[in-house]
Amino acid sequence: MAKLTAGQASFLHDEPNIAVVAVLREDGTAHQTPVWVDWDSEHVLLNLNTDRAKLDHLRRDPRVSVLVLDRDDPFRWIGIEGAVTEITPDGAYEHIVRQAGVYLGRESYPLKPGEQRILVRIAPARVEVRNVD
């Protein structure tokens, strides 16, 4: 499993940088979407709601690529390739509240009626970095 430096971990965990997540559809074509991203000292974390197509794709094929771009300088980035190790609702709401603090400066995250959050953990197999210490 690939490791991140403290600065790279902070780039994912503490800064409101947007990730572009690429997964594979059943026909093998790429499905890409922008998402919030996090790091738990071992895994890339995504927090998804249950009605997203990417969640179905990840359950079928755990391979994933995550490109995190600096919000102010898109030539400063981290690319991570890996595989999903866990998809769980456990701790997902608490995690999205923390993410709302990072990305929105809020201490809460209002769920839509019927919305359920899912936490996805990705083990990085390969990491490419540009201008992130």
Side-chain angles (χ1 to χ4, degrees):
M1 184 160 36
K3 301 287 183 185
L4 299 183
T5 67
Q8 294 163 358
S10 180
F11 185 77
L12 271 62
H13 182 70
D14 300 317
E15 299 179 31
N17 296 314
I18 298 296
V20 176
V21 174
V23 300
L24 296 173
R25 293 183 181 102
E26 194 168 354
D27 68 1
T29 59
H31 172 83
Q32 298 176 321
T33 53
V35 299
W36 293 352
V37 66
D38 197 3
W39 177 255
D40 72 358
S41 79
E42 189 175 344
H43 299 94
V44 175
L45 301 177
L46 306 178
N47 195 305
L48 308 176
N49 65 31
T50 56
D51 67 349
R52 299 289 185 214
K54 84 175 120 308
L55 188 56
D56 293 335
H57 299 318
L58 289 170
R59 284 185 169 128
R60 185 187 36 73
D61 186 333
R63 294 176 293 172
V64 62
S65 176
V66 180
L67 176 63
V68 184
L69 300 168
D70 185 301
R71 68 198 173 282
D72 297 319
D73 179 1
F75 295 102
R76 184 174 178 251
W77 53 267
I78 298 176
I80 300 170
E81 296 173 6
V84 171
T85 60
E86 183 178 30
I87 297 174
T88 181
D90 296 341
Y93 179 73
E94 294 79 9
H95 180 261
I96 199 68
V97 169
R98 184 203 173 282
Q99 290 285 272
V102 171
Y103 284 88
L104 304 174
R106 296 182 184 163
E107 295 182 12
S108 65
Y109 184 86
L111 295 177
K112 296 176 181 124
E115 180 179 359
Q116 293 181 304
R117 303 303 303 186
I118 299 292
L119 199 56
V120 177
R121 285 186 173 82
I122 300 165
R126 181 177 175 191
V127 177
E128 292 183 63
V129 181
R130 181 64 49 108
N131 300 321
V132 180
D133 299 328

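Here the structure is a predicted model, which is why all the values come from computation and not from measurement.
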Salt bridge Arg98-Asp14, side-chain N to carboxylate O under 4.0 Å: yes

Count the heavy atoms belonging to other residues, nucleotides or ligands that lie under 6.0 Å from CZ of Arg130, then report whether that count exceeds 12. no

Looking at side-chain heavy atoms only, is the closest gap between Val64 and Glu81 below 4.5 Å? no

Given Ile78, which partner from the list Asp70, Val37, Val129 fulfils the side chain to side chain contact (heavy atoms under 4.5 Å, CB included) test? Val129

Please check if the side chain of Asn17 supplies one atom and the backbone of Arg71 the other of a donor-acceptor pair under 3.5 Å. yes

Val97 versus Ser108, closest heavy-atom pair with distance: CG1-CA, 4.2 Å

Could you name each residue pair satisfying ring-ring contact (aromatic ring centres under 6.0 Å, His included) that touches residues 17-47, not counting sequence neighbours? His31-His57, Trp36-Tyr103

For the residue pair Gln32 and Val21, establish whether any side-chain heavy-atom pair is separated by less than 4.5 Å. no

Kindly check if the number of other-residue, nucleotide or ligand heavy atoms within 6.0 Å of CZ (Arg25) is above 12? yes

Are Ile87 and Arg59 packed together at the side-chain level, in the sense that at least one heavy-atom pair is separated by less than 4.5 angstrom? yes

Least distance between heavy atoms, Asp133 atom then Thr5 atom: O-OG1, 2.9 Å

What is the distance from atom CG of Leu48 to atom CD of Gln116, rounded to the nearest 0.5 Å? 13.0 Å

Determine whether Asn49 and Leu55 satisfy the following criterion, side chain to side chain contact (heavy atoms under 4.5 Å, CB included), listing intermediate values before the conclusion. CA-CA 8 Å; Asn49 65 31; Leu55 188 56; over 6 Å; no

Can you establish whether the number of heavy atoms outside Glu86 located under 6.0 Å from its atom CD is more than 12? yes

Close side-chain approach of Leu45 and Val120, heavy atoms under 4.5 Å: no

Under 4.5 Å between any side-chain heavy atoms of Leu111 and Tyr93, yes or no? yes

Distance in Å, Thr85 OG1 paired with Arg121 CZ, rounded so as to fall on 0.5 Å steps: 7.5 Å

Grouping ILVMFWY residues whenever side-chain heavy atoms fall under 4.5 Å, the cluster of Trp77 otherwise contains Leu67, Leu69

Let's go through Gln99 and Asp38 carefully: what are the C-alpha distance in whole Å and the side-chain angles of both, what is the deciding distance for side chain to side chain contact (heavy atoms under 4.5 Å, CB included) to 0.1 Å, and is it a yes or a no? CA-CA 8 Å; Gln99 290 285 272; Asp38 197 3; 3.6 Å; yes

Of all heavy-atom pairs linking Gly7 and Val132, the shortest is O-CG1, 4.2 Å

Nearest heavy-atom neighbours spanning Asn47 and Ala92: ND2-O, 2.8 Å

Just wondering, more than 12 heavy atoms not from Asp73 lying within 6.0 Å of its CG? yes

Looking at side-chain heavy atoms only, is the closest gap between Thr88 and Ile118 below 4.5 Å? no

Minimal heavy-atom distance between Ala2 and Arg126, with the atoms involved, is CB-N, 4.2 Å

As a quick check of understanding, evaluate salt bridge (charged side-chain N to carboxylate O under 4.0 Å, His left out) for Arg63 and Asp61, giving each step before the final call. CA-CA 6 Å; Arg63 294 176 293 172; Asp61 186 333; 2.8 Å; yes

Does one hydrophobic cluster hold both Val44 and Leu24, with members joined at side-chain heavy-atom distances below 4.5 Å? no

Do Val23 and Val20 share a hydrophobic cluster (ILVMFWY, side-chain heavy atoms under 4.5 Å, transitive)? no

Does some side-chain heavy atom of Leu119 sit less than 4.5 Å from a side-chain heavy atom of Asp90? no

With a 4.0 Å cut-off on N to O distance, would you call Glu115 and Arg117 a salt bridge? yes

Side chains of Ile122 and Leu46: does their closest heavy-atom pair fall under 4.5 Å? yes

